[in-house]
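The analysis underlying the following values was restricted to heavy atoms, covering all of them including side chains, and did not include hydrogens, waters or symmetry mates. Labels below follow one simple rule: chain letters A, B, ... track the order of the sequence lines, proteins then strands, and each chain is numbered from 1.
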Number of protein chains: 2
Amino acid sequence: MPQRSTESVDNYLKAILTLGERQPGRVASNALAAHLGVAPASVTNMLQKLAAAAAPFVEYERHRGVLLSPSGRRRALEIVRHHRLIETFLYEVLDYPIEELHEEAERLEHFISERFEERIAAKLGHPTTDPHGHAIPSLEGEMPPRSSMCLTDVSEGTFIVDSISDRDAPTLRSLQANGLTPGTKVRVTRSPSDSYSVRIGRSTTALDLSPEVAREVRILPLTK
Amino acid sequence: MPQRSTESVDNYLKAILTLGERQPGRVASNALAAHLGVAPASVTNMLQKLAAAAAPFVEYERHRGVLLSPSGRRRALEIVRHHRLIETFLYEVLDYPIEELHEEAERLEHFISERFEERIAAKLGHPTTDPHGHAIPSLEGEMPPRSSMCLTDVSEGTFIVDSISDRDAPTLRSLQANGLTPGTKVRVTRSPSDSYSVRIGRSTTALDLSPEVAREVRILPLTK
DNA sequence: AGTTTGATTTAGGTAAACCTAATAAGTAGG
DNA sequence: CCTACTTATTAGGTTTACCTAAATCAAACT
Ligand SMILES: [Mn+2]
Ligand SMILES: [Mn+2]
Ligand SMILES: [Mn+2]
Ligand SMILES: [Mn+2]
C-alpha cells in the first residue's frame, strides 16, 4: 500500500531533506529539533517511529542521526513541490505580496490534492522556479542540485541573484522593494562596516546589506 | 481572546448549522453523530467541551440537544463561506470537474487564511452563489434563508433549478452532463414508476430522475 | 405504574504528537 | 584514562479526538 503520512511526518521529512542538503551526511536529532521548533525528545520519538514502519521513510541509528530512504526523499520532494507551486500560484495568480507566500504555502502544502497540484502547475505553464528563485522539483521527484552560493561566501564581483530565502518576511519585503529579485545582475563590494554593498544593474546608488540580510541571498557567477 | 477552533470543532459547528437549518430547533447528538460519521459518545464529549468553554460556541443541555451560540453561528458561516468560495474558485479558475469540487473544498476550508479568502473572492468578483447554486455567506456572516424546495416536494409544474446537492459525485456528474444545472428552467411531471420526469428548457426529450436523485435537486417557482 | 426501547451519556481506552526531567552515550581536554 | 561537556535517549506526562461497552434517561405502551 502506498504509505500515508501526516502533516507532522511530512514536516520531519522536509526538514531532513533541507538539513541534509545544507551539509551532506546524516542529520542530527538536535539540528532537527532546532529547525522544527520542537524538543529533542520529540524528534527521537518520531524518528524511532518513522524508522520502525513497514516501509520506512528514514534510516536511523541511535546517536548517529538520520537519513532519508528513497521513498522518504520522494515524499519530501513531493511536499517541496507543493510548497513552491503554491507560492508561485499565490504570487502569479492571486497577487499575494511576496512576504506572505511562505506562511500560506507552509500550511497548504499538506492539504492540496494531486489534482490541485496538477491544475495550478498547468495554469502556471509548469514553472521550474518559484518567486524566490528556488527550483521546483518535477512531478517525477527530480530537482537539480543547487549550484549557487551564499552572498556571504564571496568577496567582490559581479553576479546574478539566484534566490532569496523565503523565511524572513521583512527582509524579503525590503529586498523586493529595492529591486533585489532573482535574476537581477548585481555588483558586490564589501563596505568597511563589514556589510555588503550591492549595486543593482547599472544604477548609481547601492544597497547596503547587513551580514544577516546578506545570508538570505544566494548568487551565481555571471556567465555572460 | 478571539476564540480559536480546530478542524474538528469547525466540522461540528458546520454540522449543527446544517442540521439546524434542515429542521429548526435543537439538534440531537445522534443526528450529529450520523452526519459526521462518528460515534454518538464522541459527539457528547465534544458538545460538553464546546459548551464548557469560556465563550462557548454552543448552548447545550443534556438529553435535549444543542444550539449554536451567536459566535458559533458566525464561525460556522465563516467555514461555509470558505467552502463555497473555494468550490467556485476551483470550478471557475482551475477548471475542476463539478463532481470534484466538494471533496477538495471540504479539506481546504479549514486551512486557508483570511487573505486567501479575500483574494479568491476578489478574483471571482465577489460571487453570491457557488457552482451548485448554494448561497455564499457574506463576509459579515449573513446568508439569505433558503426559499427553494426539494424537487420531491412538488407534484408537477414549471420551475427554475435552484441548486443541486454537492455531496453525491456521480449524481452531480450525470445531472451536469444532461444539462440540469442551477438556473435552468424545467418542466416536471411525475412518471408512473414514481420517478420524476424533467424536461429541460424547451427540449423535446425528458430526463427521468429516480426519487434518490430528485432529492438532490432543489427548485424555485418560476417567477416570470 | 411498570416495562420496553431508543437515544444519550459515562467510563475507560487508544493513538498522535507534543512536553519536561532524568539518564545515558559519545567526545575531548587534561 | 578519566572527568566535563554536549548530545541524544528514555521515562513519564498532557492534550485532542476518536473508540467500545456499560450505564442511564426519557418517552411511549400496556
Ligand atoms: Mn516558502
Ligand atoms: Mn503532489
Ligand atoms: Mn461542497
Ligand atoms: Mn475567512
Sole candidate of B:E140, B:E117, B:E114, B:E109 that passes salt bridge (charged side-chain N to carboxylate O under 4.0 Å, His left out) when paired with B:R81: B:E117

Rounded distance in Å - CD (A:E7) to P (C:dA15): 22 Å

Whole angstrom value for the distance that separates P of C:dA17 from CG of A:L32: 15 Å

A:E99, A:E100, A:E216 screened by salt bridge (charged side-chain N to carboxylate O under 4.0 Å, His left out) with A:R173, the one that passes: A:E99

Sugar-phosphate, base or nothing in reach of B:S8, heavy atoms under 4.0 Å: sugar-phosphate

Proximity of B:H102 and B:H132 rings by center, below 6.0 Å: no

Could you write out each protein N or O paired with an N or O of nucleotides 6-8 of chain C at a distance under 3.5 Å?
unit_1 : atom_1 : unit_2 : atom_2 : d
C:dT8  : OP2    : B:N30  : N      : 2.9
C:dT8  : OP2    : B:N30  : ND2    : 3.4

For atom CG of B:N45 and atom C1' of C:dT14, their distance in whole Å: 14 Å

Lys/Arg N to Asp/Glu carboxylate O, B:R167 vs B:E103, below 4.0 Å: no

Ring centers of A:Y96, A:Y91 separated by less than 6.0 Å: no

Parallel, tilted or perpendicular, as decided by the 30° and 60° cut-offs, for the rings of A:F111 and B:F111: parallel

Covered region of DNA chain D, 5' end to 3' end, by chain B [heavy atoms, under 4.0 Å]: D:dA17 to D:dC25

Worked check of side chain to side chain donor-acceptor pair (under 3.5 Å) between B:D208 and B:S195: CA-CA 7 Å; B:D208 223 51; B:S195 70; 2.8 Å; yes

Separation of C:dA16 P from A:L50 CG (nearest whole Å): 11 Å

B:T88 side chain reached by B:I120 side chain, heavy atoms, under 4.5 Å: no

